[in-house]
Peer 1: 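There's a structure below that I have some questions on.
One is the number of the first residue; the rest follow in order along the sequence.
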Amino acid sequence: MKDANRKPSTRGQARLLRNALFFGICCLCLYLASIWQLHRFVAQSIENRNLSQAKWSLDQLSLLVPHSSEVSLLKARVNRLMGSLDEMHLNLSDAADYGASIELIAREKTLALAQTGQLLRSESILRRSLSKGSNDAAEICEALINGLLLNYRLGDAQQLLDAWEADAPSDPQPKYIRGQIAEQLGNNVAALDYYEAALASAPLREDILRRLFITFVSQHHYEKAEAVLSRIKSPPSGDVELGSAYAKYLAETGHSKESQSLLESLCEKQPDHREIKLLLAREYFQDGKSKQALSIIQSRLARNNADYEFRYLLAQVLTSEGNSEAKTHLEYVQRADEAFNKVRSALDQARESPQDADSRFSIGKNLMAFGFQKDGAGWLRSTLELSPMHREAHAMLAEYYDHEGLKTLSGHHREAIKRIDQVNNEKQPFTE
C-alpha cells in the first residue's frame with residue numbers, strides 16, 4: 001500500500017519538474033530572442049542612419065545584457081555618429097571596465113578625432129588601416145572625409161570619395177556626402193541630384209529625406225518639399241534642422257502663425273539654439289512684432305555681442321522704429337563687412353599658397369570675431385595642420401570647444417598650449 005501511494009506523488013513531481021524545465025527553456029528562448037532582435041534593430045537603425053532609434057534599442061539591450069563590452073562599444077559608436085563625444089567617452093570607459101580590447105577602444109577614439117577635424121592625431125593611422133584593407137573601410141572613409149571637410153581640404157575629400165565609390169558603388173553614403181558638399185558650396189541643383197541618387201539606393205533613409213526636404217525648401221520647390229515631407233515618419237518638431245526648414249516652408253506658403261508656433265516650440269526645447277532664435281526673431285520682425293524680435297535679439301547678443309547676423313537684424317529693427325542706436329549697429333556691420341573683405345583676400349592667398357598657415361589663421365580669426373564660429377573653427381583646424389605649434393589657433397579652438405560643451409576637445413588644445421609654452425620657456429635664455 002505504501003508503494004502504491006507513492007507512485008502518483010512521484011509522477012506529479014516529475015510532471016512539475018518537466019513543466020518547470022519547459023517554462024525555463026521558454027524563458028531562455030524568449031530572452032535570447034529578445035537580445036537577437038534588439039541587436040538586429042540596432043544594426044538596421046545604424047544602417048538606415050536612424051541613430052535615435054539605435055540609441056533607444058541599445059538602452060533596452062543594456063537592461064538585458066548589463067556590463068557588456070560589446071553593447072558599450074556599440075553605444076560609443078552611435079554617440080560618435082551623433083556627435084555626442086562626451087557620452088562616447090563614458091561608453092568607452094564602461095567598455096574598458098567590462099573587458100573590451102584596447103585596440104577597439106583606440107579605434108573608436110581615433111575615428112572620433114578624425115570626424116571632428118583633429119587630423120594631426122588621426123589621419124595617418126586611419127590611412128594605414130585603409131591601405132591594409134580594413135573591414136570597416138566605409139566607416140574610416142566617412143570619418144576621414146568629415147574631418148577633411150571641416151578643415152576645408154575639399155580636394156582630398158573628393159579623392160577619398162572617388163575611392164570609396166569605386167570600392168562600393170551601391171553604398172548610398174558617398175552620394176549623400178557629395179550632396180552635402182554641393183549644398184555647402186551653393187550648388188543646390190547638384191545637391192538634389194546626389195540626394196535623389198542616394199535615396200534610390202536607400203529609400204528608408206530618413207536623413208536623406210530630411211536633406212531633400214530642406215534643400216527643396218531652400219530652392220522654393222514647395223510642392224516637391226511637401227511630397228518628401230509626407231514620407232518622413234519623425235515629426236518636424238523632433239529635429240531642429242528639419243523643424244526650422246518646415247517653419248520656413250510654413251511661413252513662405254502663407255502659414256505665418258503656424259510657423260511662429262513651431263519655432264516657439266523649438267525654442268522651448270533648445271533655448272540656446274542660434275539658428276532657431278534667428279529665424280524666430282526674423283519672423284517676429286516681418287510680422288510687425290518688434291518687441292518680441294528685440295527680446296530674442298538682445299538675449300542672444302548678451303551671450304555673443306559679436307554675432308554679425310543678429311547685429312544686422314537689430315539694426316533693421318531699430319531703423320524701422322527710428323531709433324538712433326541703429327547707427328552704432330550699422331557701423332559694426334560695416335566693420336564686419338570690411339573684415340569679410342580681408343577674409344576674401346586671405347582666401348585668395350590660401351588658394352595661391354595652400355601651405356600658408358597665416359592666411360588660414362586670418363580667415364578663421366576674422367570669421368570667429370563676427371559670429372561665424374563653426375566656419376572659423378574649420379579654418380583654425382586647418383591652420384594647425386600646417387603649423388601644429390600655432391598657439392593662438394589652439395587658444396581660440398579651446399575657447400570655441402568650451403563654449404560648445406566639448407570638454408574633451410577643448411582639453412586637447414589646452415594640453416597643446418601647455419606643451420608649446422614649455423618649449424618656448426626652454427628656448428628662452430637664462431637671465432638673472
Peer 1: Relative to the ring of Phe370, is the ring of Tyr332 parallel (under 30°), tilted (30 to 60°) or perpendicular (over 60°)?
Peer 2: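 Correct class here is tilted.
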Peer 1: Evaluate the side chain to side chain contact (heavy atoms under 4.5 Å, CB included) criterion for residues Leu90 and Asn79: first the C-alpha distance (whole Å), next the side-chain angles of each, then the deciding distance (0.1 Å), finally the verdict.
Peer 2: CA-CA 10 Å; Leu90 290 174; Asn79 276 317; over 6 Å; no
Peer 1: Do you know which two heavy atoms are closest between Ala377 and Met368, and how far apart they sit?
Peer 2: N-SD, 3.5 Å
Peer 1: Donor-acceptor pair, distance only, cut-off 3.5 Å: does the side chain of Asn323 make one with the backbone of Leu318?
Peer 2: no
Peer 1: When rounded to the nearest 0.5 angstrom, what is the spacing between CD in Glu325 and CG in Leu330?
Peer 2: 12.0 Å
Peer 1: Tell me whether the centres of the aromatic rings in Tyr249 and Tyr246 are closer together than 6.0 Å.
Peer 2: yes
Peer 1: By the definition side chain to side chain contact (heavy atoms under 4.5 Å, CB included), identify the one residue from Arg210, Arg211, Gln173 that meets it with Arg205.
Peer 2: Gln173
Peer 1: Counting only heavy atoms not in Lys175, do more than 12 sit closer than 6.0 Å to its NZ atom?
Peer 2: yes
Peer 1: Is it the case that the side chains of Tyr222 and His220 hold a donor-acceptor pair, with the cut-off being a distance below 3.5 Å and no angle test?
Peer 2: yes
Peer 1: If we ignore hydrogens and angles and just use 3.5 Å, is the side chain of Ser295 paired with the main-chain N or O of Gln292 as donor and acceptor?
Peer 2: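 No, Ser295 side chain to Gln292 backbone: no donor-acceptor pair under 3.5 Å.
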Peer 1: Hey, are Asn188 and Thr215 close enough side-chain-wise for a donor-acceptor pair under 3.5 Å?
Peer 2: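 Not at all, the side chains of Thr215 and Asn188 share no donor-acceptor pair under 3.5 Å.
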Peer 1: Where do Leu262 and Ala247 come nearest, in terms of heavy atoms and distance?
Peer 2: CD2-N, 3.8 Å
Peer 1: With a sphere of 6.0 Å drawn around NZ of Lys248, does it hold more than 12 non-hydrogen atoms of other residues, nucleotides or ligands?
Peer 2: no
Peer 1: Quick check: does any side chain N or O of Thr319 sit under 3.5 Å from a backbone N or O of Ala315, one acting as donor and the other as acceptor?
Peer 2: yes
Peer 1: Sub-3.5 Å donor-acceptor pair from the side chain of Thr383 to the main-chain atoms of Trp379, do we have one?
Peer 2: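 Checked: pair present.
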Peer 1: Return the orientation label for the Tyr308 and Phe372 ring planes: parallel under 30°, perpendicular over 60°, tilted otherwise.
Peer 2: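 Plane angle between 30° and 60°, so tilted.
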Peer 1: Between the side chain of Ser84 and the main-chain N/O of Glu87, is any donor-acceptor distance below 3.5 Å?
Peer 2: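 No: the side chain of Ser84 does not pair with the backbone of Glu87.
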Peer 1: So for atom NZ, which belongs to Lys407, do other residues, nucleotides or ligands contribute more than 12 heavy atoms lying within a distance under 6.0 Å?
Peer 2: yes
Peer 1: First locate atom CG of Leu280, then atom SG of Cys267, and finally report the distance between them rounded to the nearest 0.5 Å.
Peer 2: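 Result: 5.0 Å between the selected atoms.
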Peer 1: For Glu275, is the CD atom crowded, meaning more than 12 foreign heavy atoms sit under 6.0 Å from it?
Peer 2: yes
Peer 1: In terms of the angle between their ring planes, are Tyr98 and His67 parallel, tilted or perpendicular, with boundaries placed at 30° and 60°?
Peer 2: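 The arrangement is perpendicular - the two ring planes meet at more than 60°.
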Peer 1: Thinking salt bridges, do Lys289 and Glu283 make one under a 4.0 Å N-O criterion?
Peer 2: no
Peer 1: Could you check whether any side-chain N or O of Ser387 sits under 3.5 Å from a backbone N or O of Leu384, counting only pairs where one atom can act as donor and the other as acceptor?
Peer 2: no
Peer 1: Which residue in the set Leu74, Ile46, Asn91 passes side chain to side chain contact (heavy atoms under 4.5 Å, CB included) when paired with Leu58?
Peer 2: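 For Leu58, the side chain to side chain contact (heavy atoms under 4.5 Å, CB included) test succeeds with only one of Leu74, Ile46, Asn91, which is Leu74.
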Peer 1: Applying salt bridge (Lys or Arg N to Asp or Glu O under 4.0 Å) to Arg335 and Glu338, what does each step give before you reach the verdict?
Peer 2: CA-CA 5 Å; Arg335 289 197 302 275; Glu338 290 170 359; over 6 Å; no
Peer 1: Just wondering, more than 12 heavy atoms not from Tyr312 lying within 6.0 Å of its OH?
Peer 2: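 Incorrect, the count does not exceed 12.
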Peer 1: Counting only pairs under 3.5 Å, give me each side-chain donor-acceptor contact of residues 229-236, with atom names and distances, residues two or more places apart or in other chains.
Peer 2:
{"from": "Ser230", "atom 1": "OG", "to": "Ala227", "atom 2": "O", "distance (Å)": "2.6"}
{"from": "Ser234", "atom 1": "OG", "to": "Glu206", "atom 2": "OE1", "distance (Å)": "3.1"}

Peer 1: On a heavy-atom basis, which atom in Ser320 and which in Phe285 lie closest, and how many Å separate them?
Peer 2: OG-CE1, 3.6 Å
Peer 1: Answer whether the closest heavy-atom distance between the side chains of Thr408 and Leu85 falls below 4.5 Å.
Peer 2: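 Sidechains of Leu85 and Thr408: no contact.
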Peer 1: In terms of side-chain geometry, is the basic nitrogen of Arg274 or Glu309 positioned less than 4.0 Å from the acidic oxygen of its partner?
Peer 2: yes
Peer 1: With a 4.0 Å cut-off on N to O distance, would you call Arg414 and Glu399 a salt bridge?
Peer 2: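 No.
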Peer 1: Could you check whether any side-chain N or O of Ser261 sits under 3.5 Å from a backbone N or O of Lys257, counting only pairs where one atom can act as donor and the other as acceptor?
Peer 2: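 Judged by distance alone, no pair lies under 3.5 Å.
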Peer 1: Testing Leu314, Leu278, Asp307 one by one against Ile297 for a side chain to side chain contact (heavy atoms under 4.5 Å, CB included), which residue passes?
Peer 2: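 Among Leu314, Leu278, Asp307, the one meeting side chain to side chain contact (heavy atoms under 4.5 Å, CB included) with Ile297 is Leu314.
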Peer 1: Going through the checks in order, is the ring-ring contact (aromatic ring centres under 6.0 Å, His included) test met by Tyr195 and Tyr176?
Peer 2: CA-CA 6 Å; Tyr195 290 146; Tyr176 178 60; 5.8 Å; yes
Peer 1: Can you tell me how far the CG atom of Leu73 sits from the CG atom of Leu104, to the nearest 0.5 Å?
Peer 2: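 It is 6.0 Å, given to the nearest 0.5 Å.
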Peer 1: Grab the two heavy atoms, one from Ser244 and one from Leu279, that are nearest each other, plus how far apart they are.
Peer 2: CB-CD1, 3.4 Å
Peer 1: What residues form a side-chain hydrogen bond (donor to acceptor under 3.5 Å, both in side chains) with Gln316, not counting sequence neighbours?
Peer 2: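 By the side-chain hydrogen bond (donor to acceptor under 3.5 Å, both in side chains) rule, Gln316 matches no residue at all.
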Peer 1: Counting C-beta onward and ignoring hydrogens, is there a side-chain heavy-atom pair between Leu161 and Ile181 closer than 4.5 Å?
Peer 2: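 When only atoms from C-beta onward are counted, Ile181 and Leu161 do touch, with a gap below 4.5 Å.
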Peer 1: Tell me whether Gln44 at atom CD has more than 12 heavy atoms from other residues, nucleotides or ligands lying less than 6.0 Å away.
Peer 2: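 Yes, because the 6.0 Å sphere around CD of Gln44 holds more than 12 heavy atoms from other groups.
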Peer 1: Checking the side chain of His39 only, and the main-chain atoms of Gln37 only, is there a donor and an acceptor separated by less than 3.5 Å?
Peer 2: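 The answer is no, because no donor-acceptor pair under 3.5 Å joins these two groups.
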Peer 1: Distance alone, cut at 3.5 Å: any donor-acceptor contact between the side chains of Lys224 and Gln219?
Peer 2: no
Peer 1: Report, as yes or no, whether the 6.0 Å neighbourhood of atom CD on Glu252 holds more than 12 heavy atoms from other residues, nucleotides or ligands.
Peer 2: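 Yes, the 6.0 Å shell around CD holds more than 12 heavy atoms from other groups.
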Peer 1: Applying salt bridge (Lys or Arg N to Asp or Glu O under 4.0 Å), run through Asp272 and Arg303 and close with a yes or a no.
Peer 2: CA-CA 10 Å; Asp272 295 329; Arg303 294 188 51 169; 2.7 Å; yes
Peer 1: Any chance the side chains of Ser62 and Lys75 put a donor and an acceptor closer than 3.5 Å?
Peer 2: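 Yes.
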Peer 1: In plain terms, say whether Glu123 and Arg127 are close enough for a salt bridge, that is, a side-chain N and a carboxylate O under 4.0 Å apart.
Peer 2: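 So Glu123 pairs with Arg127 through a salt bridge.
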Peer 1: For the salt bridge (charged side-chain N to carboxylate O under 4.0 Å, His left out) test, which of Glu108, Glu142, Glu139, Glu70 pairs with Arg77?
Peer 2: Glu139
Peer 1: Can you check whether Pro388's main-chain N or O pairs, donor with acceptor, with His394's side chain at less than 3.5 Å?
Peer 2: yes
Peer 1: With a sphere of 6.0 Å drawn around CG of Leu63, does it hold more than 12 non-hydrogen atoms of other residues, nucleotides or ligands?
Peer 2: yes
Peer 1: Can you see which heavy atom on His413 is nearest to which on Ala398, and at what distance?
Peer 2: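 What the structure gives for the nearest pair is CB-CB, 3.9 Å.
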Peer 1: What I want to find out is whether Asp162 reaches Arg178 closely enough, with some N-O distance under 4.0 Å, to be called a salt bridge.
Peer 2: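 Salt bridge flag = yes for Arg178 with Asp162.
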Peer 1: Please check if the side chain of Thr253 supplies one atom and the backbone of Leu250 the other of a donor-acceptor pair under 3.5 Å.
Peer 2: yes
Peer 1: What closest approach, in Å, do Leu92 and Lys109 show between heavy atoms, and which atom pair accounts for it?
Peer 2: CD1-CG, 3.6 Å
Peer 1: Could you tell me how the ring of Phe361 sits relative to the ring of His390: parallel (under 30°), tilted (30 to 60°) or perpendicular (over 60°)?
Peer 2: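 The rings of Phe361 and His390 sit tilted, inter-plane angle from 30° to 60°.
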